[in-house]
Amino acid sequence: MKPLIEDINPKTEDERLASIIDKVISGERINADDGIYLYEHADLALLSQLANLANHRLNGNYILFNKNFHIEPTNLCVFNCKFCSYHKSAGDSESWVLTLEEIKNAARKYINTDVTEVHIVGGVHPKWNIDYYGEMIKAVKEILPHIHVKAYSAIELDFIIRKSKLSYSEGLKRLKDYGLDSIPGGGAEIFAPEVRAKICPEKASGDAWLAIHKAAHENGIQSNATMLYGHIESYKHRVQHMEAIRKLQDETHGFNCFIPLKFRAANNPMGYLGEVNMVEDLRNFAVSRIYMDNIRHLKAYWPMLGIQNTKMAINFGVDDIDGTIDDTTKIYSMAGAEEQKPTMTVERLTQIVREAGGIPAERDSIYNIIKVYD
Ligand code: V47
């Protein structure tokens, strides 16, 4: 891991590339054109070195994970996103809706364990309102009072808050009173309206996603940001997406981590596109690390990416590999990910990190290090 500036060979005949390399080495921010140029012209080895350098400055050799589980209250959804393999209609034999008691039962499994976080996200249920979403958080905290609740994508939040005729800020305050601690990064996809019109025409816009996260940050609720890549978007769309998040982060400093999510092609209407290869995954992690200079952490989400690719991503700027999961999420297995029952022990997570050359460290949900596995 430990990248040395001397190891980076800026002696390229490509002057444009040389000037971007100089910027990264001197810690200067790259601009949107630089980002596109890196995607189009930098080779894999160079991207790895630059991304490792950028990551090492922020995070040293620590590669983080946490002890977490998911609750997915329903896969009924009022929206029909074309990339989604998870959405089902009422009456479908593969649909589910958990009751508050079932949610409590899901939480009960973690009494007397050292799990620190629950990630709650699901479809946008046609009938539930903001107080029901609050009751789900309350139900979990009744069973696990000290758990960090990272809950609801901006898409769920936009729908229920607008339905309740509150402002984003008022709605988020209400959920915070129920026990909401932070917001996951889902629903961002690609912000460009022309891409959204094709892949998720019905749901909240990129501007709405950004406005929700801004309101969250202003109310002391930290969050993550995602980018769904590897479908119909161009490199320009990816860079515009990252630019919008980077700009908001300059204002609010509320994003903890950036999570590129690779489009998985099984069982959804966009499956005909296929999937990008692993080299593209690694290149994308590296450019993301270099571009997102003001978001400290970059996550490779192993249930989506697969374990081998996650291990490689650690040498392309990634410093966070998410958590133990405990076979509690279906979003990616239903979309064809390798891990059909995603579960990791701490031993396995630490082994992956060590094999990739990093120092494993357990973090909490707001990225304080709890334990270093030296
Ligand atoms: O918004 C859905 C993506 C997201 C597919 O904040 C797909 O820590 C690929 O946001 N192929 C939800 N991706 C999950 C999410 C998330 C996951 C892990 C950690 C965090 C965090 C957030 O999943 C959706 C969408 O972008 N998604 N279907 C698919 N077929």
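Residue indices begin at 1 and follow the sequence shown. All heavy atoms count here, side chains included; hydrogens, waters and symmetry mates do not. Just follow the structure's listing: the first ligand is 1, and inside any ligand the first atom is 1.
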Fill in the blank from the handout: Min over Lys299, His119, Glu189 of heavy-atom distance to atom 22 (C) of ligand 1 lands on His119
Handout entry: Close approach of Ser153 to ligand 1, heavy atoms, under 4.0 angstrom
Key = no
Practice task
Provide the number and element of each atom of ligand 1 under 4.0 Å from a heavy atom of Pro184.
Solution key: 6 (O)
Exercise for the section: Using only heavy-atom distances, determine whether the side chains of Glu194 and His237 contain a donor-acceptor pair under 3.5 Å. Expected result: yes
Practice task
State, without any angle test, whether His125 and Thr74 hold a side-chain donor-acceptor pair at a distance under 3.5 Å.
Solution key: no
Problem - Residue and atom name of the nearest protein heavy atom (relative to atom 14 (C) of ligand 1), distance in Å to one decimal - result: Tyr332 OH, 3.9 Å
Practice task
Decide whether an N or O pair under 3.5 Å exists between Leu261 and ligand 1.
Solution key: no
Practice task
Determine, using heavy atoms of Met334 and all atoms of ligand 1, whether some pair is separated by less than 4.0 Å.
Solution key: no
Handout entry: Heavy-atom gap Met270 to ligand 1 smaller than 4.0 Å
Key = no
Practice task
Could you walk me through whether His297 and Tyr367 pass ring-ring contact (aromatic ring centres under 6.0 Å, His included), step by step?
Solution key: CA-CA 9 Å; His297 303 285; Tyr367 287 84; 4.2 Å; yes
Exercise for the section: Could you see which bit of Val121 sits under 4.0 Å from ligand 1, with heavy atoms only: side chain, backbone, both or neither? Expected result: neither
Completion exercise
In this structure, atom 21 (C) of ligand 1 is nearest to the protein heavy atom Ile259 CD1, 3.2 Å
Problem - Test side-chain hydrogen bond (donor to acceptor under 3.5 Å, both in side chains) applied to Glu142 - qualifying residues, sequence neighbours left out - result: Lys104
Problem - Protein contact of atom 29 (C) of ligand 1 - nearest heavy atom, named by residue and atom, plus distance - result: Phe83 O, 3.6 Å
Exercise for the section: Decide whether Gln351 and Glu347 meet the rule of one side-chain donor and one side-chain acceptor closer than 3.5 Å. Expected result: no
Practice task
Taking the six-membered ring for Trp and the full ring for Phe, Tyr or His, determine whether the centres of Phe285 and Phe316 are under 6.0 Å apart.
Solution key: no
Fill in the blank from the handout: Note: ligand 1 atoms sitting under 4.0 Å from heavy atoms of Thr226 are 10 (O)
Practice task
Mind checking whether Asn268 contacts ligand 1 via backbone (N, CA, C, O), side chain (CB onward), both or neither, at a 4.0 Å heavy-atom cut-off?
Solution key: side chain
Practice task
Classify the side-chain pair Tyr229/Asp281 by whether it contains a donor and acceptor separated by less than 3.5 Å.
Solution key: yes
Completion exercise
atom 6 (O) of ligand 1 has as its nearest protein heavy atom Gly185 N, 2.8 Å
Practice task
Could you tell me if the ring centre of His87 sits under 6.0 Å from that of Phe79?
Solution key: no
Practice task
Measure the distance from atom 10 (O) of ligand 1 to every protein heavy atom, then report the residue, atom name and distance (to 0.1 Å) of the closest one.
Solution key: Gly186 CA, 2.8 Å
Practice task
Return a yes/no value for Leu228: is any of its N or O atoms, backbone included, closer than 3.5 angstrom to an N or O of ligand 1?
Solution key: no
Practice task
Among all protein heavy atoms, pick out the one at the shortest distance from atom 1 (O) of ligand 1; state its residue, atom name and that distance to 0.1 Å.
Solution key: Gly187 N, 2.7 Å
Exercise for the section: Report the nearest protein non-hydrogen atom to atom 17 (C) of ligand 1: residue, atom name, distance rounded to 0.1 Å. Expected result: Tyr301 CE2, 3.9 Å
Exercise for the section: Counting heavy atoms only, name the option from Lys262, Lys150, His70 that's nearest to atom 9 (C) of ligand 1. Expected result: Lys262
Enumerate, atom names and distances included, each donor-acceptor pair closer than 3.5 Å involving a side-chain atom of residues 158-169, sequence neighbours excluded.
from: Asp158; atom 1: OD1; to: Arg162; atom 2: NE; distance (Å): 3.1
from: Asp158; atom 1: OD1; to: Tyr168; atom 2: OH; distance (Å): 2.5
from: Asp158; atom 1: OD2; to: Arg162; atom 2: NE; distance (Å): 3.1
from: Asp158; atom 1: OD2; to: Arg162; atom 2: NH2; distance (Å): 3.1
from: Lys163; atom 1: NZ; to: Pro126; atom 2: O; distance (Å): 3.0
from: Lys163; atom 1: NZ; to: Trp128; atom 2: O; distance (Å): 2.9
from: Ser164; atom 1: OG; to: Ile160; atom 2: O; distance (Å): 3.3
from: Ser164; atom 1: OG; to: Ile161; atom 2: O; distance (Å): 2.8
from: Ser167; atom 1: OG; to: Glu170; atom 2: N; distance (Å): 3.0
from: Ser167; atom 1: OG; to: Glu170; atom 2: OE1; distance (Å): 3.4
from: Ser169; atom 1: OG; to: Asn219; atom 2: ND2; distance (Å): 2.9

Exercise for the section: May I ask you to decide whether Glu72 forms a salt bridge with Lys330, counting only side-chain N to carboxylate O separations under 4.0 Å? Expected result: no
Practice task
Please confirm whether Asn224 comes within less than 3.5 Å of ligand 1 when only nitrogen or oxygen atoms on both sides are compared.
Solution key: yes
Exercise for the section: Check whether any N or O atom of Arg264, backbone or side chain, sits under 3.5 Å from an N or O atom of ligand 1, and answer yes or no. Expected result: yes
Problem - Under 3.5 Å: N/O of Cys84 near N/O of ligand 1 - result: no
Handout entry: Side chain proximity check, Lys203 to Glu189, heavy atoms < 4.5 angstrom
Key = yes
Problem - Test: Arg16 cationic atom under 6.0 Å from Tyr37 six-membered ring centre, within 45° of axis - result: yes
Handout entry: Heavy-atom side-chain contact between Thr324 and Thr343 under 4.5 Å
Key = no
